[in-house]
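Okay, so here's the structure we're looking at.
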Number of protein chains: 2
Amino acid sequence: MRIHPDHLASFVALVQTGSVSAAAKKRFLTQPAISNQLKRLQEAIGMDLYRRQGRGVQLTGIGEAFYIHTLKVQQSMHDLNSFADELHDLQAGRIYLSASQTIAGSLLPAALVSFHQRYPKIEVFVDSVNSQQVFESMEHHDLGLVESPLPSSVPECCTVKHLGEDKIVTVMPINHPLTAYSSIELAQLENYPLIWREQGSGTRDILERAWRTTIGKPPRIQLCLGGVSAVLESVRQGLGIGMVSQFCLPTGESMLTTRPLHPQLLRPMSLLQPSHASPLAKKLIDFLIPYLRSRLKQ
Amino acid sequence: MRIHPDHLASFVALVQTGSVSAAAKKRFLTQPAISNQLKRLQEAIGMDLYRRQGRGVQLTGIGEAFYIHTLKVQQSMHDLNSFADELHDLQAGRIYLSASQTIAGSLLPAALVSFHQRYPKIEVFVDSVNSQQVFESMEHHDLGLVESPLPSSVPECCTVKHLGEDKIVTVMPINHPLTAYSSIELAQLENYPLIWREQGSGTRDILERAWRTTIGKPPRIQLCLGGVSAVLESVRQGLGIGMVSQFCLPTGESMLTTRPLHPQLLRPMSLLQPSHASPLAKKLIDFLIPYLRSRLKQ
DNA sequence: TGATTTACATCATATATGGTGATATATTTT
DNA sequence: AAAATATATCACCATATATGATGTAAATCA
C-alpha cells in the first residue's frame, strides 16, 4: 500500500497539536476523518505511530523518526505551492524568446537585464538565430524579435507589433579619412576595403541589394566574417569599413565611430507574439514594446 | 485551489514520456484519467503547462519551470516511501530505552555499539535514571533495564525477563592494604574511610540494609557522591573504598582493583518489556537478552 | 490533396474513497 | 462514582475520479 500525502498532512497536524481532535480542527475536518486517515497511514507503513495517552496522544519512537522524514515532504510541498503562487502572480516562470542576431546581441541584453532586475524569478532564455528561424520557432517559443521585412508567410497564429526602424550605419576607426563626412554614400565606399557579414545575414542582404541598385553591379566581397562582433573587431584592427545596425556598437567603444549612409538604409524591427503566448510572456512583451520603441526613436 | 499530489505524479509521467497516453500506461490509468488530472493541475495553478504538439505534447516554459520544482516533491515522497520500507523491514526507527544508572553506564554502552553496528539506521535513545523511574517510564518508553528487587507495584502491562544476578564489589586502589584479602567482609570496612553513593541509589540502599543487618547499626556516611563515576574517581584519588556493581570498572582501568564482598551481595537484573513494545523494540530485546545474560554469567 | 492513423479532449456513467454524525470505549477530573 | 473529555468504530452519504465512448485536431501516407 502506498502512502497517501493527505494522510501525512494529518499526521503532521497530529504531532503539532498533540491530539486527534485538535488536528481535526486545524485541518477543518471532523475527528473521525483524522482518526481514519491516521489508521490508514499506520496500516500503510505497518507500524504504530502513536498511542492514546490520557488527554491526548503520544508519539512512539517510530512515530518520531517518521515525523522527521514527513516534514521534508511537507516542506517541499509547501515550496511547490509557493512557487505555484508566484507563477499565478506572474512573478516566476520561464520564457523562451528567439531573436535575430543583431537584436539579441545589441538591444536585447540591456532590456533583459532591466527586466530581470524587476522580476528576478522570471527566467528568460534567448535563442539567437537568423530571421527565417525566428518565424519558424514561433510554434515553440513565447516571443520573437526580427529586424527585416516580414516574409510572405507570416504564421497565421502570430500577431506582429511594429517597433520602429533600424538604421544601417558604417563603422570605421576614429582616424579614418571618411570620418570627415557626416554621412556616407555607397559610391564613396567603393574606394575603400570593406568588411562584409556572412552569406544569409539580413544586414548583408539588404546592403547587397542597395549596392546593386545604386552602383549598378554587385559588390566585390574581399573580406567576409561571421557575426557582428567579428566585423567590429576587424574594423578596429584597421582591415576596413564595416556596415552594421546602429545599435551594434558596444557602449563605451573608444576606437570606432559610425557614419550614417546616405540615402538611409532602414529595416523594420518587429515583435512577434504567438497566439499561445502565456500571460507571463505578455508581461515581457508589455515591458519590451515601450522599451524598444523608445530606443528606436533616437 | 490546492495542488493535488497525485496530479503531480501524472505531470511527471507526462514530462518523462512526452505524451498523455504514454503517461497513462506508465501510471496504469486510462488516457482520459490523465488528461483530467492534468487539466485540474493546470486549473489549480492557473497556467498552461503544456500544449499539443503533433504526435505528443510540448512543455511550455512555465511547464519546464514547474517541473523542476515538482521533481523535488517527488524526490522527498520517494525518500519517505523508502524510509517506510525500512521501518517495515525493521531496519530503521527509534527506540526509547530507560535503564538504571549502573546498567546505562556499564553494560549497556558496549551492547548498543554492537547493535548499532548491525543496524545503523535504528536510533536508540537511552535515559539513565534511577530504578523507580525506570518503572514509571515504561508507559512512554519501549524497554527498561533495572538492577534491583522488583517493587511491589510492577506495572501490570509489563513483562519482566530475568537476566541474571549482579554482584556488588568493593573498589580500591591497587596498593590498598585490603587487596591482601581475596574477599572482604563488611565488618572489615568499618576501619577504612568509605565512599557512598547518593541517597536513592539502589546500590546504596542494598548496602545500607546489609550493613545494618551485619554490623547492627547504620553506617556512618562521611563522603557521599552522586553517580558511579564520581565514586570511582574519588577512589582513584585515595579518598577511600567504594562499593559498586561488578561491571562498573572501566575496561583498561589500571589504578583500581575490586574485591568481592563476603557474604555476596546480589541483585537481580531484569529487562522490562511493555505490552506496547513495537516490533522494533522486540528486535532490540531479542538482541539484548542473550547479550546481557552471557555477560552476567561470567 | 484527401484518407487514414494517432493522440488528446470531452462527456456521461459507475465506483470507491473518504467525510460526517452517532455511538462505543477509554481515561482523566471532580 | 459520576461527569467530562478524547479517541475508535460504524453506517451512511457525497464527492471526486476512473472508465468507455465519442469528438476533434494533427500528422502520415497514398
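Chain identifiers are assigned alphabetically (A, B, ...) following the order of the sequence lines, protein sequences preceding nucleic acid strands; residue numbering begins at 1 within each chain. All of these numbers come straight from a predicted model, not from anything done at the bench.
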Under 3.5 Å, is there a donor-acceptor pair linking the side chains of A:His4 and A:Arg40?
-> no
Does the side chain of B:Gln31 come under 3.5 Å of the side chain of B:Ser35 through a donor N or O and an acceptor N or O?
-> yes
At what distance, to the nearest 0.5 angstrom, does CZ of B:Arg94 lie from CG of A:Leu59?
-> 9.5 Å
Measuring from A:Phe115:CZ to A:Leu288:CG, what's the distance to the nearest 0.5 Å?
-> 7.5 Å
Sequence neighbours excluded, the answer for side-chain hydrogen bond (donor to acceptor under 3.5 Å, both in side chains) partners of B:Gln91 is none
Length of the line joining A:Ile34:CD1 and D:dA6:C1', which is rounded to integer Å = 14 Å
Hey, what bend do you get for the helix from C:dT1-D:dA30 to C:dT30-D:dA1 if you fit axes on five pairs at each end, rounded to 10°?
-> 30°
N/O (side chain, B:Gln53) to phosphate O (OP1/OP2, D:dA25) under 4.0 Å = no
Applying side-chain contact (heavy atoms from CB on, under 4.5 Å), run through B:His276 and A:Gln58 and close with a yes or a no.
-> CA-CA 12 Å; B:His276 61 250; A:Gln58 164 104 24; over 6 Å; no
Tell me, yes or no, whether the heavy-atom count around A:His162 atom NE2, taken from other residues, nucleotides or ligands under 6.0 Å, exceeds 12.
-> yes
Check whether any side-chain heavy atom of A:His141 sits under 4.5 Å from a side-chain heavy atom of A:Phe125, and report yes or no.
-> no
Validation row: A:Thr60, A:Arg51 side chains within 4.5 angstrom (heavy atoms) = yes
Test A:Leu280 against every option in A:Leu87, A:Ile285, A:Leu90 by the side chain to side chain contact (heavy atoms under 4.5 Å, CB included) rule and name the one that passes.
-> A:Leu90
Residues touching DNA chain D, which here means a heavy atom under 4.0 Å, drawn from residues 40-50 of chain A = A:Tyr50
Which residues, if any, of residues 9-32 of chain B bring a heavy atom under 4.0 Å of DNA chain D?
-> B:Leu29, B:Thr30, B:Pro32
Which heavy atom of B:Val134 sits nearest a heavy atom of B:Ala99, and at what distance?
-> CG2-C, 3.8 Å
Specify the closest pair of heavy atoms between B:Ile34 and B:Ser10, including all atoms of both residues, with the distance to one decimal.
-> CD1-OG, 3.5 Å
For the residue pair B:Phe83 and A:His69, categorise the inter-ring angle as parallel (less than 30°), tilted (30 to 60°) or perpendicular (more than 60°).
-> parallel
Under 3.5 Å, which protein N or O atoms sit close to an N or O of nucleotides 2-5 of chain D? Give each pair with its distance.
none

If you find the nucleotide of DNA chain C closest to B:Leu38 and the one closest to B:Glu139, which residue's nucleotide is nearer the 5' end?
-> B:Leu38
Any salt bridge between B:Arg2 and A:Asp6, counting N to O under 4.0 Å?
-> yes
Do A:Lys282 and A:Asp286 sit within salt-bridge range, that is, some charged N less than 4.0 Å from a carboxylate O?
-> no
Contacted region of DNA chain C by chain A, from 5' end to 3' end of the hits, cut-off under 4.0 Å to heavy atoms, spans C:dG18 to C:dT29
